[in-house]
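Side chains are part of it too, since the values below use all heavy atoms of this structure and drop only hydrogens, waters and symmetry mates. It should be emphasised that the depicted structure is a prediction, and the values quoted were computed from it without experimental measurement.
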Amino acid sequence: METSEQGERCCKTNARDGLRKVSRHIVRQLGMLNSAFGDLPLSPAQAHTLIELGNEAVSIKQLSLSLNIDKSNASRAVTHLVEKGFAYTQSNPKDTRSLLAHLTPQGKKLLQKLHHQQNVMFDEILCQLSPEEATNIESAISAYNKAICRTQAQQGCTIREITAADDVAIAELIREVSAEYGLTADKGYSVADPSLETTSKQYNASGSCYWIIELDGIILGGAGIAPLGSEQGVCELQKMYFSKQLRGKGFAKRMAYLALNYAREQEYQACYLETTACLKEAISLYEAIGFEHISKHLGDTGHDACELPMLLKLK
């Protein structure tokens, strides 16, 4: 019989392979590999450059960031548009070392044709879908796009299991972030726990794990899972802390999902956590991934000052 861990790994593999396949197919079906963008005399890069210039005049650097391409490709796209009479460049009044690209009247007319061509194509696609299907697809693609952006923002960071060599650094980080939000030891928060000095040791037990986020040898965040006291089949999401350098890059959600996937592999039936009202961003995250507020605390966590218990049932 297939184990839970094997089943989880199989599901991840299937999801990964399926997503790669459909992503490739969409790119091909939308003609992004063609030399021309539909019926217009534009490559895909030139077409997207035209769209950006339709919003405002931009520099090569701005264009490369907007299109997520290197500066040389952005420069070539602008050069080709200039050669075709669809764009022109002028000195940037804010930076004399760079040029701003603008659309010509001919370029503006071509942009209108481009928008019309794309609107016709997507109207024909939408005719194949019910309103509910269209809404679901838009929502899913939006989530997919956000995940891609978060992945790009997280480049360079390593996520790994904690070791004893990390104990001092993670303890310092937890105290620093806690103090930032006023969650100090004298108020009864978990930074008073003596075990904070030996975090790696606390997660050596079966059904426990703690992961840290490292960048250039510096520990910038962490999160863990451990059994919840006497509550059979229930684990606790613990010690989710992130430095300012990591915030806004999606690491909280990524670490939460990493911990919850581990909890499912360990066959926990539910995950519990305790938080406090001043951590509004954290509460919003927990609610978004399915945690629900419950009326009483579970287990003997010792976090007397964390007044908001939450629980997520693991399917």
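- Atom NE2 in His80 sits 5.5 Å away from atom CD in Glu83 (nearest 0.5 Å).
- With a 6.0 Å radius and a threshold of 12 heavy atoms from other residues, nucleotides or ligands, Glu161 has its CD atom at or below the threshold.
- Side-chain atoms of Ile283 and His293, non-hydrogen and from C-beta on, do get closer than 4.5 Å to each other.
- Taking all atoms of both residues into account, the shortest heavy-atom contact from Leu273 to Glu236 is CA-CG, 4.4 Å.
- Within 6.0 Å of CD in Glu292 there are 12 or fewer heavy atoms belonging to other residues, nucleotides or ligands.
- In this pair, Tyr203 and Tyr210 present their aromatic rings tilted. The plane angle is within the 30 to 60° band.
- Side-chain contact between Leu30 and Met121: present, with at least one pair of heavy atoms (C-beta onward) separated by less than 4.5 Å.
- With hydrogens and angles ignored, the 3.5 Å screen pairs no side-chain donor or acceptor of Ser139 with any backbone N or O of Thr135.
- Grouping the Ile, Leu, Val, Met, Phe, Trp and Tyr side chains by contacts below 4.5 angstrom, directly or via other members, places Leu312 with Met240.
- In this structure, Tyr144 has no ring-ring contact (aromatic ring centres under 6.0 Å, His included) partners at least two apart in sequence or on a different chain.
- Two different hydrophobic clusters hold Ile212 and Met255 under the rule that ILVMFWY side chains link at heavy-atom gaps under 4.5 Å.
- Side-chain N or O atoms of Gln269 include one that pairs as donor or acceptor with a backbone N or O of Glu267 at under 3.5 Å.
- When all heavy atoms of Glu307 and His297 are compared, the closest pair comes out as O-CE1, 3.9 Å.
- The structure places CD of Gln46 at 11.0 Å from CG of Leu40, a figure rounded to the nearest 0.5 Å.
- Going from atom NZ of Lys280 over to atom OG1 of Thr275 covers 12.5 Å, rounded to the nearest 0.5 Å.
- Legend: residues meeting salt bridge (charged side-chain N to carboxylate O under 4.0 Å, His left out) with Glu214, ordered by chain and number and at least two apart, are Arg160.
- The minimum heavy-atom distance linking Ile219 with Ala169 is given by the pair CD1-CB, 3.8 Å.
- Annotation: Asn145, atom CG; neighbour count of heavy atoms from other residues, nucleotides and ligands within 6.0 Å is above 12.
- The shortest side-chain heavy-atom distance between Ser243 and Leu173 falls under the 4.5 Å cut-off.
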